[in-house]
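Working notes for the structure below.
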Amino acid sequence: MIQRSENVTYYDVVGIGNAIIDVLAKVGDRFLTERNLPKSCMTLLNAQDAGKIYADIVPEREVPGGSAANTVAGLASLGGAPAFIGKVHDDELGQEFTRDIGAAGVDFFTPPLNEGPVTGRSIVLVTPDAMRSMFTYLGANTHLSADDIDENVIKASRITYLEGYLLDYEHGLEICQKAAQIAHDYNRQVAFSLSDISCVNGKEDIILQFIKDNVDILFANDAELCALFKGEDFYKCLDLIKPEVEIAAITRGEKGSVIVNGRTKTFVEAEKVDNVVDTTGAGDLFAAGFLYGLTQGRSLGTCAIIGSIAAAEVISHYGARPEVALRGLVRNKLISYGKRA
């Protein structure tokens with residue numbers, strides 16, 4: 001890695017998170033109920049339990065995924081310059097992940113494991129209502145450590161983006177704290193996603209303290225935000241997050257999003273989608289669009305619109321990565337809305 005000046009950035013965003021291969025399959029609701037599998041959230045599994053589910057499905061596709069990895073891949077599709085830090089094994093799936101994220105336009109330098117757990121994978125079960133239920137074996141991701149946090153990459157990035165799934169393993173908080181400290185040492189911003197309600201439940205106090213101490217930009221959906229404050233009143237929770245971060249970008253599905261910045265709340269409508277196929281990656285791509293807009297100096301409202309356009313594209317097909325070049329799609333949409341492309 002080339003040494004760079006403290007005042008020069010090369011990357012718009014570096015994402016730090018789990019490197020995952022997504023195994024996508026269509027199932028009925030009965031498939032979940034017969035196996036007592038929770039719906040519409042992420043559940044961690046050991047290798048044996050993941051193997052049992054895998055044996056009972058007919059995979060539609062196997063594609064590289066992971067929340068922060070999806071976000072930086074989306075940002076690259078928008079024309080941004082991203083990097084990624086995550087851990088794979090030097091096995092077939094790990095090599096596939098490395099090839100794919102590089103082909104997407106994302107720099108990825110983290111050394112792979114040569115022994116120990118295999119590359120992580122997530123079985124994504126999509127029901128007829130387009131909701132996704134994820135069953136994840138972390139594998140090699142559990143060997144990501146604070147030593148893998150490359151100071152030069154963070155120094156070279158305008159924003160360091162951390163996924164909440166990191167907190168699902170023992171030293172995840174240490175990883176997040178180290179990355180945030182380096183970013184702030186070089187006057188860079190730190191963004192953090194709550195990722196999934198399963199990441200929040202039981203860790204509310206730890207996460208809230210981390211946000212207070214380290215986070216400039218928070219991403220969450222409405223359920224995750226309410227879980228963080230152990231409340232049911234969404235608008236009250238919006239007021240509670242206001243003093244804790246500079247910007248909070250809260251998604252609400254078909255109700256759109258709310259951007260909180262100090263005393264200002266900006267409500268943005270959701271992008272219309274004719275046929276919702278698979279909601280996997282919606283939050284990841286919203287974050288991609290929002291962060292891209294932010295690094296390009298756009299208003300917070302326009303950042304949310306770009307995020308909504310990116311999210312709408314990804315839920316119109318299976319998989320959590322865009323299937324068209326988002327840069328052209330967003331440009332045409334913004335022009336049609338009378339905004340600067």
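Starting from 1, each residue takes its place in the sequence as its number. Quick caveat: nothing in here was measured; it's all calculated off a predicted structure.
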Looking at every non-hydrogen atom in both residues, tell me the closest pair between [X] and [Y] and how far apart they are.
X	Y	result
Val106	Ala76	CG2-CB, 4.2 Å
Ser195	Ser67	OG-OG, 4.3 Å
Gly172	Leu167	C-CD2, 3.9 Å
Tyr235	Arg252	OH-NH1, 3.3 Å
Asp284	Thr71	O-OG1, 2.9 Å
Ala227	Ile197	CB-CG1, 3.8 Å

In plain terms, say whether [X] and [Y] are close enough for a salt bridge, that is, a side-chain N and a carboxylate O under 4.0 Å apart.
X	Y	answer
Lys203	Glu224	no
Lys155	Glu151	no
Arg188	Asp216	no
Glu271	Lys333	yes
Asp29	Lys39	yes
Lys87	Asp148	yes

| request: Establish, yes or no, whether the cationic atom of Arg35 lies under 6.0 Å from the six-membered ring centre of Phe31 and within 45° of the ring axis. | output: yes
Got a second to check how far [X]'s [atom1] is from [Y]'s [atom2], nearest 0.5 Å?
X	Y	atom1	atom2	result
Asn70	Thr280	CG	OG1	9.0 Å
Ile149	Gln181	CD1	CD	13.5 Å
Asp168	Glu163	CG	CD	9.0 Å
Cys199	Glu204	SG	CD	11.5 Å
Ile16	Cys176	CD1	SG	7.5 Å
Leu291	Asp12	CG	CG	9.5 Å

| Step-by-step side-chain hydrogen bond (donor to acceptor under 3.5 Å, both in side chains) determination, Gln95 to Asp90 | CA-CA 6 Å; Gln95 292 164 11; Asp90 188 20; 3.2 Å; yes
Between [X] and [Y], is there a shared hydrophobic cluster once you connect ILVMFWY residues whose side-chain heavy atoms come closer than 4.5 Å?
X	Y	answer
Val124	Val118	no
Ile101	Leu138	no
Val215	Tyr161	no
Val23	Val63	no
Tyr292	Val190	no

Side chains of [X] and [Y]: is there a donor and an acceptor less than 3.5 Å apart?
X	Y	value
Glu246	Asn261	no
Asp107	Tyr11	yes
Gln209	Asp205	no

Taking the side chain as everything from C-beta on, heavy atoms only, tell me whether [X] gets closer than 4.5 Å to [Y].
X	Y	answer
Val88	Leu93	no
Thr160	Val153	no
Phe192	Ile217	no
Val258	Phe234	yes
Thr136	Thr43	no
Arg340	Arg298	yes

| Lys265 and Asp239: CA distance, side-chain angles, deciding distance, salt bridge (charged side-chain N to carboxylate O under 4.0 Å, His left out) verdict | CA-CA 10 Å; Lys265 296 186 181 76; Asp239 288 333; 2.8 Å; yes
Just by distance, do the side chain of [X] and the backbone of [Y] share a donor-acceptor pair under 3.5 Å?
X	Y	result
Arg121	Tyr137	no
Ser133	Ser40	yes
Thr251	Ser257	no
Asn18	Ile20	no

| Take atom CD in Glu92; do more than 12 heavy atoms of anything else shown fall under 6.0 Å from it? | no
| request: Report, as yes or no, whether the 6.0 Å neighbourhood of atom CZ on Arg327 holds more than 12 heavy atoms from other residues, nucleotides or ligands. | output: no
| request: Start with the C-alpha distance between Glu323 and Arg61, add both sets of side-chain angles, then the distance that settles salt bridge (charged side-chain N to carboxylate O under 4.0 Å, His left out), and finish with yes or no. | output: CA-CA 14 Å; Glu323 292 189 344; Arg61 298 171 64 190; 3.2 Å; yes
| Derivation of the ring-ring contact (aromatic ring centres under 6.0 Å, His included) call for Tyr186 and His184 | CA-CA 5 Å; Tyr186 292 104; His184 285 151; over 10 Å; no
| query | Yes or no on side-chain hydrogen bond (donor to acceptor under 3.5 Å, both in side chains) for Thr119 and Asp91, after CA distance, side-chain angles and deciding distance? | reply | CA-CA 7 Å; Thr119 297; Asp91 52 20; 2.7 Å; yes
| field | Worked check of side-chain contact (heavy atoms from CB on, under 4.5 Å) between Asp185 and Ile154 | value | CA-CA 10 Å; Asp185 283 347; Ile154 293 177; over 6 Å; no
| query | Can you list the steps and then say if Ser299 with Thr302 is a side-chain hydrogen bond (donor to acceptor under 3.5 Å, both in side chains)? | reply | CA-CA 5 Å; Ser299 70; Thr302 300; 3.0 Å; yes
| task | For Val273 and Ile315, run side-chain contact (heavy atoms from CB on, under 4.5 Å): C-alpha distance rounded to whole Å, both residues' side-chain angles, the deciding distance at 0.1 Å, then the answer. | result | CA-CA 8 Å; Val273 181; Ile315 66 175; 3.9 Å; yes
| query | Parallel, tilted or perpendicular for Phe108 and Phe84, by the 30°/60° rule? | reply | tilted
| remark: Those residues at least two apart in sequence (or on a different chain) that pass side-chain hydrogen bond (donor to acceptor under 3.5 Å, both in side chains) with Asp147 are none
| In this structure, which one of Thr295, Leu285, Val330, Leu329 forms a side chain to side chain contact (heavy atoms under 4.5 Å, CB included) with Leu78? | Val330
| said: Taking side chain to side chain contact (heavy atoms under 4.5 Å, CB included) as the criterion, tell me which of Glu170, His171, Lys178 meets it with Glu174. | reply: His171
| When you look at Leu225 and Phe229, which way does the side-chain contact (heavy atoms from CB on, under 4.5 Å) test go after all the steps? | CA-CA 7 Å; Leu225 182 69; Phe229 290 107; 3.9 Å; yes
